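What follows is a single structure, written as structure tokens, with notes after it.
Here the structure is a predicted model, which is why all the values come from computation and not from measurement. Keep in mind that the numbers below use all heavy atoms, side chains included, and drop hydrogens, waters and symmetry copies.
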Amino acid sequence: MIRAGAVLTFVMTLAACSDDASTDGNPFAPGLASTGDAVDGMIVGHRLMDAGEYELAIDAYSRAALEHGMTADVLSGLGSANLGLGRLGTAERLLRDALEKDETSPEIWNNLGVVLMEKGETSEAAQVFRRAFALDNGATDSIRDNLRLALAKSENSYYDEAQEQDYKLVRRGTGDYLIRRIPG
């Protein structure tokens, strides 16, 4: 049985170790800072995507939609987060909606191509990657690699299940995905 004096000493030691950031004695976490501005939801969403926190990124992009509206960037962020979660149908719909607002973004076209590849629609994915490659002027390695893979898969449409498992989705940058061969 622990003595009451020992418990009191332990609690006092813990209290002495904590820094006294709050002088009002409130035991709850502080609320919103009344003097600071909130960080833009798009920035928070991109950071959460980099950290692999896709559910939280969806929340951040949803907050950004309240501030900015349903822009192509917001829709693309939501689509990319859903892609990260494996929600391919939702990701495809959001990325297509983003393309209706901005058809000139190679990143959105690339991510739509990745969704289509994941769904097994390689011929359409190859067309989408061609469009992304053209808009990007061939400057981005991940788009070029995705196009090569889609073309190779569409030419070899007779591949078996073992070959199908040789690829994985790799996240690069903010909302940019690459399909990479797994070394085997």
Side-chain angles (χ1 to χ4, degrees), residues 39-62 64-65 67-157 159 163-184:
V39 177
D40 183 21
M42 291 300 294
I43 294 170
V44 173
H46 294 324
R47 289 178 183 168
L48 289 167
M49 288 289 289
D50 289 339
E53 295 291 338
Y54 305 118
E55 287 287 347
L56 294 174
I58 290 173
D59 292 341
Y61 290 132
S62 298
E67 186 176 328
H68 303 287
M70 291 301 277
T71 64
D73 289 337
V74 170
L75 289 166
S76 174
L78 288 167
S80 298
N82 278 286
L83 172 60
L85 290 169
R87 299 174 184 161
L88 301 179
T90 303
E92 180 180 3
R93 181 181 49 80
L94 288 166
L95 291 168
R96 288 188 189 277
D97 289 348
L99 286 172
E100 287 180 12
K101 295 183 182 279
D102 181 11
E103 292 184 348
T104 63
S105 172
E107 293 84 11
I108 299 173
W109 283 104
N110 181 63
N111 288 349
L112 177 60
V114 171
V115 169
L116 294 171
M117 285 292 288
E118 288 289 311
K119 290 177 69 177
E121 300 172 11
T122 52
S123 60
E124 185 180 359
Q127 292 174 351
V128 168
F129 286 133
R130 279 190 185 110
R131 180 84 181 253
F133 186 77
L135 289 169
D136 188 50
N137 292 322
T140 306
D141 292 337
S142 62
I143 294 174
R144 183 176 34 248
D145 293 343
N146 287 344
L147 176 59
R148 282 186 196 145
L149 178 63
L151 291 173
K153 277 190 130 182
S154 64
E155 289 172 4
N156 298 326
S157 60
Y159 60 89
Q163 288 177 322
E164 191 171 327
Q165 299 300 320
D166 289 347
Y167 301 97
K168 71 176 182 174
L169 185 66
V170 178
R171 176 145 169 45
R172 298 174 50 127
T174 58
D176 188 28
Y177 290 86
L178 172 68
I179 302 168
R180 180 150 297 162
R181 181 180 290 275
I182 298 172

List for me each residue that meets side-chain contact (heavy atoms from CB on, under 4.5 Å) alongside [X], sequence neighbours excluded, and say none if there are none.
| X | result |
| --- | --- |
| A57 | L48, M49, Y61, A81 |
| T71 | H68, D73, V74 |
| T140 | D136, S142, I143, D176 |

What closest approach, in Å, do [X] and [Y] show between heavy atoms, and which atom pair accounts for it?
| X | Y | value |
| --- | --- | --- |
| S80 | N111 | OG-ND2, 3.0 Å |
| A150 | A125 | CB-C, 4.4 Å |
| A126 | L147 | O-CD1, 3.7 Å |
| L85 | I58 | CD1-CD1, 3.7 Å |
| V128 | W109 | CG1-O, 2.8 Å |

Who pairs with [X] by salt bridge (Lys or Arg N to Asp or Glu O under 4.0 Å), at least two apart in sequence or on another chain?
| X | value |
| --- | --- |
| E55 | R87 |
| R144 | D141 |
| K119 | E92, E121 |

Worksheet entry | Spacing of CE belonging to M70 relative to OG belonging to S62, to within rounding of 0.5 Å |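 So the CE of M70 and the OG of S62 are separated by 7.5 Å.
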Worksheet entry | Approximate separation, where rounding is to 0.5 Å, of S123 OG and L116 CG |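 The OG atom of S123 sits 9.0 Å away from the CG atom of L116.
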Practice prompt. Evaluate side chain to side chain contact (heavy atoms under 4.5 Å, CB included) for I43 paired with R47, printing each intermediate quantity in order.
Written response: CA-CA 6 Å; I43 294 170; R47 289 178 183 168; 3.6 Å; yes
Worksheet item: side chain to side chain contact (heavy atoms under 4.5 Å, CB included) between E103 and R131: does it pass, once the steps are laid out?
Response: CA-CA 10 Å; E103 292 184 348; R131 180 84 181 253; 4.0 Å; yes
Item to complete: Before giving the answer on side chain to side chain contact (heavy atoms under 4.5 Å, CB included), spell out for T90 and R93 the whole-Å C-alpha distance, their side-chain angles and the decisive distance to 0.1 Å.
Response: CA-CA 5 Å; T90 303; R93 181 181 49 80; 3.7 Å; yes
Worksheet item: Is the backbone of L151 close enough, under 3.5 Å, to the side chain of S154 for a donor and an acceptor to pair up by distance?
Response: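 Between the backbone of L151 and the side chain of S154 there is a qualifying donor-acceptor contact (under 3.5 Å).
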Worksheet item: Looking at L75, I108, L78, which one forms a side chain to side chain contact (heavy atoms under 4.5 Å, CB included) with L95?
Response: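 Passing option: I108.
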Item to complete: Find out whether N146 and M117 are in side-chain contact, i.e. whether some heavy atom of one side chain is under 4.5 Å from a heavy atom of the other.
Response: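 With C-beta onward as the side chain, the pair stays apart.
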Fill in: Evaluation steps, side chain to side chain contact (heavy atoms under 4.5 Å, CB included), between L83 and L88
CA-CA 6 Å; L83 172 60; L88 301 179; 3.8 Å; yes
